[in-house]
Amino acid sequence: MASRSAELFARAQRRIPGGVNSPVRAFRGLGREPFFVERAAGANIWDVDGKEYIDYVGTWGPASLGHAPAVVIDAIRAAAEHGVSFGIPNPYEVEMAELICRWVPSIQKVRMVNSGTEATMSCVRLARGFTKRDKIIKFEGCYHGHVDSLLVHAGSGALTHGQPDSAGVPAEFADLTIALPFNDIDAVRAAFRENPGEIAAVILEPVPANAGLYFPKPGFLEALRRECTMYGALLIFDEVMTGFRVARGGAQEIYRVQPDLTALGKVIGGGLPVGAFGGREEIMDQLSPLGPVYQAGTLSGNPLAMAAGLAQLRELERIDGWKKLEELGAQLESAVQDSLGRTGIGATFHRIGSMFCLFFMAGPVTDLASAKRSDQEQFARFFNRCLDAGVYFAPSQFETGFISTAHTPQQIERTARVVDASLSS
Ligand code: KE4
């Protein structure tokens, strides 16, 4: 008899393109159909056929406290009793803005939006309005959501599905985007020299996590900061994934480099649709209604989303969640490295805090080109073995895994045994 997931997927494909509302969920290239989720709690998810998994996707990053944490559920319930949406300024928005500016010193003013895509899109428009320039530098493999001008050499699902340059983006848009290899500061310097006075901003994930996970080389972020300052371009950190996850102040706290604008999302919403962008006051004040750069949103600052995000962020601070995430991440890394040493498999494990990725290639992995040398068939076999054993990793070599504070050392230990068996078979 067909599983309920299979029945639902058959129905979904008749009415939803590819049967999914976001391509990364399609399990393409894995030789299996996606499962459908019934419910999630803590570090676990259950599919509609009753199978339980330890979850390392965490709804792609937002679930830093695990799924459905009581503090978030209670906050949503309390807020909902006073109304679900207003379209009118509400106290939650002020509390969220004050918290973000307190935790991320480079952000003097911030505006709420409803997704990471909106956050990066708004950063780019604001940078163009502030500098009165049109060109943007991005890096191959970095993914900044499905913004037209940033779907050029993009990562994440665009990369997984072989569309790093999406159809439907006019050449005129793409021509204004200069895509360079990550970690190549000479290429950045050359681009600035070849486009004098034309580059509005450089946008990047300070820790790229959408082509698998890899890191800025020592000095790279500092050099970008200097080049942008020298040429009058804005430095934009897309911290939709790293914000509030790798540290309370995000990657910019760890690497001590201050961007001019920061895009945020995921963790900030406690699982509800939230994004935000912020930065220097003189830049942010170019936004309507103060300035000429228009940006808006019916549901921006939605009270339920703000209440959920505030509850999650405050709980992370109360329990020093970042310390716990580091401990759990280190436990997983130690076990995986032991397995790699014992099996002799040419694979590269990268981790920062609770974010991790296992590349099926010997390394080093420092940019998209090296990440793409991974053996995707070996990844697919590994992913399927782990899933069959009840461990759900991100369903693509070009994604990143996430641990939550709800994961226990015992679950990490069980995961390590599943990983070891999957690598050994
Ligand atoms: P959303 O529009 O999906 O909320 O955020 C876009 C985005 C922006 N910047 C970074 C660094 C991101 O990682 C993302 C979205 N991440 C993907 C996972 N790699 C979301 C999963 C999906 O597309 O379904």
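Index from 1, following the sequence. Remember, it's 1-based here, ligands and their atoms both numbered in the order they're listed.
- Atom 22 (C) of ligand 1 has its nearest heavy-atom neighbour, among Ser156, Ser22, Cys142, in Ser22.
- Two rings, from Tyr392 and Phe35, have their centers less than 6.0 Å apart.
- Only side-chain heavy atoms of Glu399 come within less than 4.0 Å of ligand 1; its backbone N, CA, C and O stay farther off.
- Of all protein heavy atoms, the one lying nearest to atom 2 (O) of ligand 1 is Thr117 OG1, 2.6 Å.
- Every atom of ligand 1 with a heavy atom of Glu205 under 4.0 Å away is listed here by number and element: 11 (C).
- Regarding atom 1 (P) of ligand 1, its nearest protein heavy-atom neighbour is Gly116 N, 3.6 Å.
- Between Phe359 and His350, a ring centre-to-centre spacing shorter than 6.0 Å is recorded.
- What sits closest to atom 9 (N) of ligand 1 on the protein, heavy atoms only, is Asp238 OD2, 2.7 Å.
- Of all heavy-atom pairs spanning Ala154 and Leu159, the tightest one is O-CB, 3.7 Å.
- Of the candidates Lys266, Arg25, Met241, it is Lys266 that places a heavy atom closest to atom 20 (C) of ligand 1.
- Protein heavy atom closest to atom 6 (C) of ligand 1, with residue, atom name and distance, is Gly145 CA, 3.5 Å.
- A donor-acceptor contact shorter than 3.5 Å links the side chain of Asp49 to the backbone of Ser5.
- For Asn210, every heavy-atom contact with ligand 1 shorter than 4.0 Å involves the side chain, none the backbone.
- Near Ser115, the atoms of ligand 1 lying under 4.0 angstrom from a non-hydrogen atom of the residue are 2 (O), 4 (O).
- Near Val24, meaning under 4.0 Å from any of its heavy atoms, are these atoms of ligand 1: 21 (C), 22 (C), 23 (O), 24 (O).
- For Arg248, the CZ atom sits in a packed shell: over 12 heavy atoms of surrounding residues, nucleotides or ligands are nearer than 6.0 Å.
- In this structure, atom 13 (O) of ligand 1 has protein heavy atoms in its sub-4.0 angstrom surroundings.
- The stretch residues 146-155 participates, sequence neighbours left out, in no side chain to side chain donor-acceptor pair (under 3.5 Å) pair at all.
- The aromatic ring centres of Phe402 and Phe356 sit 6.0 Å or more apart.
- Applying the side chain to side chain donor-acceptor pair (under 3.5 Å) criterion to Arg111, with sequence neighbours excluded, gives Gln295.
- Proximity of the aromatic rings of Phe360 and Phe382 is defined here by a centroid distance below 6.0 angstrom, and this criterion is met.
- At a 4.0 Å heavy-atom cut-off, ligand 1 touches His144 through the backbone alone.
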